[in-house]
Amino acid sequence: MKVLDSTRLLQLDSVSAVVRAHYAPVFSRIGAYDRTLLDEAAWQHSARRPRQLIEYWAHEAALIPVADWPLLRWRMVRYRHGRWNGMRKVLDRNPALADDVLGVLKQFGPSTAGEIEKHLELDRPRSKDNWGWNYSDTKVVCEALFAAGELTVPTRVGFQRHYDLTANVLPAEVLSREPDEAEAVLELVRRAARAHGVGTETDLRDYYRLHRSQTEPAIAALLETGELEQVRVEGWDKPAYLHAEARIPRRVTGAALLCPFDPLIFFRDRTERLFDFHYRIEIYTPEHKRVHGYYVFPFLLDGELVGRVDLRAERASGRLLVPAAFAEPGRATARVAGALAGASRELADWLALDTIEVGEKGDLAPELRREIARARPIA
């Protein structure tokens, strides 16, 4: 939860090539930890250990602190008819389905979309609008109700959402808070500014996917109260805003592998501006056109992005596969390879993988293979 105090959100994503996206940023910041602790914080509740995180559309689909949920009510109002046109079309052609879904959940409690369909004895018609993942109409309606704030996700099993009425999941004191849009956006920009330390208006805007018309008044208000200071950052072509609590350390040390959805790098424009590191995810790029690989982790060393590795966790064979390893220009050094070998071994140990297998692709691969072999036999 100290990590969440800093990042304020953990992006969710369905890709599990290495580990689900929400687990990785915590590991990158504190090292090996028990992932069930994060599961319990997000998807379990008891009198002894109340729920601490909840799902909603923040940056993208994300886990946020329960107390932050009311700050996105204005977005729920905007999504009351669905997030996309295709979602709205499904609602229009099924005018009674939303009420039917709510009725099932009132009667049976937390359920998957498939379970709701069984209760309703539907034949799972599929959306023909190609707006997303070709979900059944029931699933689309569940997602629409989730976007509108009427449903939330009290638990996941196998990463599959179980929906329930939000009123059954969130505490009354959270549900009773209804800040107006300006007040809520001010708080979101305040959180984004603290998470960044220093950032442009576009940086602060992107964190919660706000609009410029929302962030500019909020930044002006925070400048007036002294919480932000306008500054110039060398090499940036836009004004920057420094948070009053930000501190510049004398030295920045440490190594970390960053998943593609880590808050430090998920706004690619900022990543390039801060680190001179051009980064694009290539999951949806045809294999023969990929430059660096399918699921590439940038490598942070002493405050700089010095390389990137394509990673895959092969759990059945107990191997961490590294099909490719690249150094940034001028960074293909034994020191970088040694630090990357250590970070790779730490990741493998956390994921309970016994061996690391390094492929042939990339200028850093040969040195990485040697460094890993020095520490422990390599496949």
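The model shown is predicted, which means the values in this text are computed figures rather than measured ones.
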[X] with [Y], same ILVMFWY side-chain cluster at under 4.5 Å:
X      : Y      : answer
Val252 : Phe275 : no
Leu72  : Leu170 : yes
Phe326 : Leu368 : no
Tyr284 : Phe261 : yes
Leu242 : Tyr207 : no

Minimum side-chain heavy-atom gap [X]-[Y] below 4.5 Å:
X      : Y      : answer
Val66  : Pro171 : yes
Trp69  : Leu175 : yes
Leu340 : Glu371 : no
Pro154 : His45  : no
Leu364 : Val309 : no
Val26  : Leu37  : no
Arg335 : Val306 : no
Val18  : Leu257 : no

Taking the cut-offs as 6.0 angstrom to the six-membered ring centre and 45 degrees off its axis, would you call [X] and [Y] a cation-pi pair?
X      : Y      : result
Arg75  : Trp57  : no
Arg20  : Phe159 : yes
Arg270 : Trp236 : no

Is it the case that more than 12 heavy atoms not belonging to [X] sit under 6.0 Å from its [atom1] atom?
X      : atom1 : value
Asp269 : CG    : yes
Ile30  : CD1   : yes
Glu287 : CD    : no
Arg194 : CZ    : no

Can you check whether [Y]'s main-chain N or O pairs, donor with acceptor, with [X]'s side chain at less than 3.5 Å?
X      : Y      : value
Tyr163 : Lys139 : no
Tyr279 : Val296 : yes
Thr166 : Leu151 : yes
Asp310 : Val322 : no
Asp363 : Ala327 : yes
Arg80  : Leu145 : no

Which atoms form the tightest heavy-atom contact between [X] and [Y], and what is the distance?
X      : Y      : result
Thr200 : Arg273 : CG2-NH1, 3.6 Å
Val169 : Arg51  : CG1-NE, 3.5 Å
His243 : Leu228 : CA-CD2, 3.8 Å
Val19  : Ala24  : CG1-CB, 4.1 Å
Ala58  : Leu9   : CB-CD2, 4.1 Å
Gly109 : Ser111 : O-OG, 2.8 Å

*Check the pair Arg78 / Glu181 against side-chain contact (heavy atoms from CB on, under 4.5 Å), numbers first and verdict last.*
CA-CA 11 Å; Arg78 294 188 183 186; Glu181 182 174 331; 2.8 Å; yes
Do [X] and [Y] have side-chain N/O donor and acceptor atoms under 3.5 Å apart?
X      : Y      : value
Thr138 : Ser136 : no
Arg209 : His59  : yes
Glu143 : Tyr79  : no

Quick test of your reading of the model: are [X] and [Y] salt-bridged, counting only N-O distances below 4.0 Å?
X      : Y      : result
Asp349 : Arg345 : yes
Lys118 : Glu115 : no
Asp39  : Arg35  : no
Arg308 : Glu328 : yes
Arg319 : Glu357 : yes
Glu173 : Arg177 : no

*asked:* Taking transitive links into account, so neighbours of neighbours count too, which hydrophobic residues share a cluster with Val291 at under 4.5 Å side-chain distance?
replied: none
*Walk me through it: do Glu40 and Asp34 pass the test side-chain contact (heavy atoms from CB on, under 4.5 Å)?*
CA-CA 11 Å; Glu40 291 170 359; Asp34 183 353; over 6 Å; no
[atom1] of [X] to [atom2] of [Y]: how many Å apart, nearest 0.5 Å?
X      : Y      : atom1 : atom2 : value
Ser28  : Glu346 : OG    : CD    : 9.0 Å
Gln214 : Leu204 : CD    : CG    : 13.0 Å
Leu222 : Glu187 : CG    : CD    : 8.5 Å
Ser16  : Arg312 : OG    : CZ    : 11.0 Å
Cys259 : Gln11  : SG    : CD    : 8.0 Å
Trp43  : Ile54  : CH2   : CD1   : 10.0 Å

_side-chain contact (heavy atoms from CB on, under 4.5 Å) partner of Pro260, the single match among Arg268, Arg280, Glu282_ = Arg268
*After noting the C-alpha distance and the side-chain angles of Trp74 and His211, does the key distance pass the ring pair (Phe, Tyr, Trp, His ring centres under 6.0 Å) rule?*
CA-CA 13 Å; Trp74 59 270; His211 191 273; over 10 Å; no
*Assess whether side-chain contact (heavy atoms from CB on, under 4.5 Å) is satisfied between Tyr208 and Arg191, documenting all intermediate values.*
CA-CA 10 Å; Tyr208 289 99; Arg191 283 156 170 70; 3.7 Å; yes
_Aromatic plane relationship, Phe108 with His119 - under 30° parallel, 30 to 60° tilted, over 60° perpendicular_ = parallel
_Over 60° means perpendicular and under 30° means parallel, so tell me whether Tyr295 and Phe297 are parallel, tilted or perpendicular._
perpendicular
